[in-house]
Chemist: 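Submitted below is the structure of interest, expressed as structure tokens.
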Amino acid sequence: MSALAAYDRLLTQSREAFLLATTSALLAWDQETNLPKGAGGVRAKQLALLAQLQHERMVSPRMAESLAACESDADLLADAERAANVRELRRDHDRATKLPASLVGELAETESKAQHAWAAARSAGDYRRFRPWLDRMIRLQRQKADCLRQPGQSRWDALADLYEPGTTAAGLTALFGRLRERLTDLRQKARDGAVGDASFARVEVDEARQEQFVRAVVQSMGFDFQRGRIDRSAHPFCTTTGDDVRLTTRFRRDNVLDALGSTMHEAGHGLYEQGLEPAHRGTPLGETCSLGIHESQSRFWENHVGRSAAFWSWCWPLAQRTLGTVCNGHTADSVFRSANVVRPSLIRVEADEVTYDLHVMVRFELEREMIDGDLGAPDLPSRWDRLYESYLGIRVPDDRSGCLQDVHWSCGLFGYFPTYTLGNLYAAQLAAAMDRSLGGLAELLRTGRFEVVREWLRRNVHRHGRRHRPAELCLLATGSPLSAEPFLQHLERKVAVLHPG
Ligand code: ZN
């Protein structure tokens, strides 16, 4: 078989894997949004079968043959697009083949049981119920890391590399050290100034009006409703189910800013998925780069757009029209202040822009100690509480609002948390680059010219798919390697406006 024929076969295999993956995504979406309560049993089996079929295809000898034939042909690899597809499918294939089926099965079973144990422990506020499952999970994650790790990688590095290729604990420690220092200063400065006017965050608005409002904003962002939809779920998410992208959101009667923030966040993810090249669908060039880059797109729209004074200047008339009389007595400026209250809290998912990453750093420290060090489940709560006091300056009253708050570790997601902070850093660096190249981001937002912003992201990030690794994409799109500086400058400017003096 010629190398070109092998390449065609490889792409066919990749597209079939994509069809299976998006079918799973559709079933999972349905499970979260529509599935009647009594119907979960067969759905779990459907999803397990599809996952197994996908895995079998990815590790098949046919896939290995196609890859080997492509990799031995220098002419084929001289083409940058083909080389990127071969490189990324090699990565996917190797990752899938390195884990023995017995370990994959044990992980899946433990994840499912550990999640139940976590939910029960959390609702009872009793960490002891989760403790044995966490110990078992740590042991399995270490085994998984040993299968995956390459020379020079620590166990934690090998797990993090699954979500953000190229990530190392050493690199993050350097990046996070300086970031933590200056975030702590900012936290102090914001606390010493006025707390901020949170009154708009608490106005009561019925759900129908909230929905009309957030849909209008998402429409203005350029989310394509011909190839996408918005539904409701307990926890907002975004998923690609084939040609279309599905967002979910939630509404709380007394928190319209939460609905707006989380819908803009998911719509940012959605715009990334919709901005991928259709011609590459089903191959790595038609897939998103990494979780950190994905999160940069959501945080860009949520924070750099949705929490800016310029956006509120554009959005305020729309808010008044759709939300009605609750807007009386407020102004664009007071709502901008409500959207930016800085207050250290116990819960990461409700954190403001200044303190959010301090929560992530706590998880990063703990994970390294659990995976590369000797921190075991019995000592986790006290270690958690000490780090919260040191990083965020607050006392944790109980494990429910402490180490039981996140679902991630019960799902086997170790090495995942830093992608949230990387997303914030990439977002700020992209916003600064966009500001320079478009001659002023604020003016575009003030006049509602979101299509210019979206097209810049499409040109510089979306259309590349997995052609570049995250570090390289960052360099190409912004002209510099990733740095915490643009993010810190963004926050320092904001805190100076909100808390002058
Ligand atoms: Zn996100």
Side-chain angles (χ1 to χ4, degrees), residues 25 28-29 32-33 160 162-165 167 214 217-218 221-223 228-241 244-251 255 257-276 287-308 339 347-361 363-364 405-409 411-431 453-454 457-458 461-462 465-466 470 473-474 482 487 490:
W29 169 83
E32 299 301 320
T33 54
L162 293 169
Y163 310 109
E164 194 71 4
T167 302
V214 302
V217 171
V218 169
M221 287 166 62
F223 183 74
R229 46 184 295 139
I230 302 184
D231 296 271
R232 295 183 189 201
S233 68
H235 303 286
F237 64 92
C238 166
T239 190
T240 287
T241 47
D244 64 326
V245 176
R246 303 189 180 204
L247 316 179
T248 68
T249 191
R250 61 169 175 217
F251 298 101
N255 202 340
L257 289 180
D258 176 68
L260 179 69
S262 53
T263 315
M264 288 182 81
H265 180 102
E266 298 309 329
H269 283 305
L271 287 176
Y272 186 11
E273 299 276 350
Q274 287 187 338
L276 297 166
E287 290 172 357
T288 58
C289 175
S290 71
L291 286 184
I293 297 292
H294 224 313
E295 193 67 4
S296 77
Q297 300 306 292
S298 56
R299 297 293 272 183
F300 172 82
W301 287 99
E302 179 189 0
N303 291 334
H304 292 269
V305 178
R307 283 191 162 113
S308 70
I347 307 295
R348 176 185 59 86
V349 293
E350 293 168 6
D352 56 76
E353 260 187 290
V354 171
T355 58
Y356 186 93
D357 299 290
L358 297 169
H359 291 262
V360 174
M361 291 175 199
R363 275 55 157 187
F364 171 61
Q405 69 178 267
D406 288 313
V407 69
H408 299 62
W409 291 332
C411 306
L413 293 173
F414 285 77
Y416 184 106
F417 278 108
T419 65
Y420 292 123
T421 290
L422 290 170
N424 287 333
L425 302 186
Y426 289 132
Q429 198 158 322
L430 288 167
V453 172
R454 190 194 63 234
L457 291 171
R458 201 157 271 185
V461 179
H462 304 176
R466 285 169 72 185
L473 180 63
C474 176
L482 180 66
F487 177 62
H490 155 76

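Bear in mind that the values here come from a model prediction, so they are computed numbers and not experimental data. Every number for a ligand or one of its atoms is a count from 1 in the order of the listing. Start at 1 with the first residue, then count along the sequence.
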Chemist: Nearest heavy-atom pair of Ser290 and Pro165: which atoms, and what distance?
Modeler: CB-CD, 3.9 Å
Chemist: Under the criterion side chain to side chain contact (heavy atoms under 4.5 Å, CB included), which of Asn303, Asp357, Thr421 is the partner of Phe487?
Modeler: Asp357
Chemist: How about His235 and Glu32: does a side-chain donor come under 3.5 Å of a side-chain acceptor?
Modeler: no
Chemist: Can you label the angle between the Tyr416 ring and the Tyr420 ring as parallel, tilted or perpendicular, going by 30° and 60°?
Modeler: perpendicular
Chemist: Of Arg229, Glu273, His269, Glu266, which is the lone residue that meets side chain to side chain contact (heavy atoms under 4.5 Å, CB included) with Val245?
Modeler: Glu273
Chemist: Please give me the protein atoms (N, O or S only) lying under 2.8 Å from the Zn ion (ligand 1), ordered by chain and number.
Modeler: His265 NE2, His269 NE2, Glu295 OE1
Chemist: Donor-acceptor pair, Thr249 side chain versus Pro236 backbone, under 3.5 Å?
Modeler: no
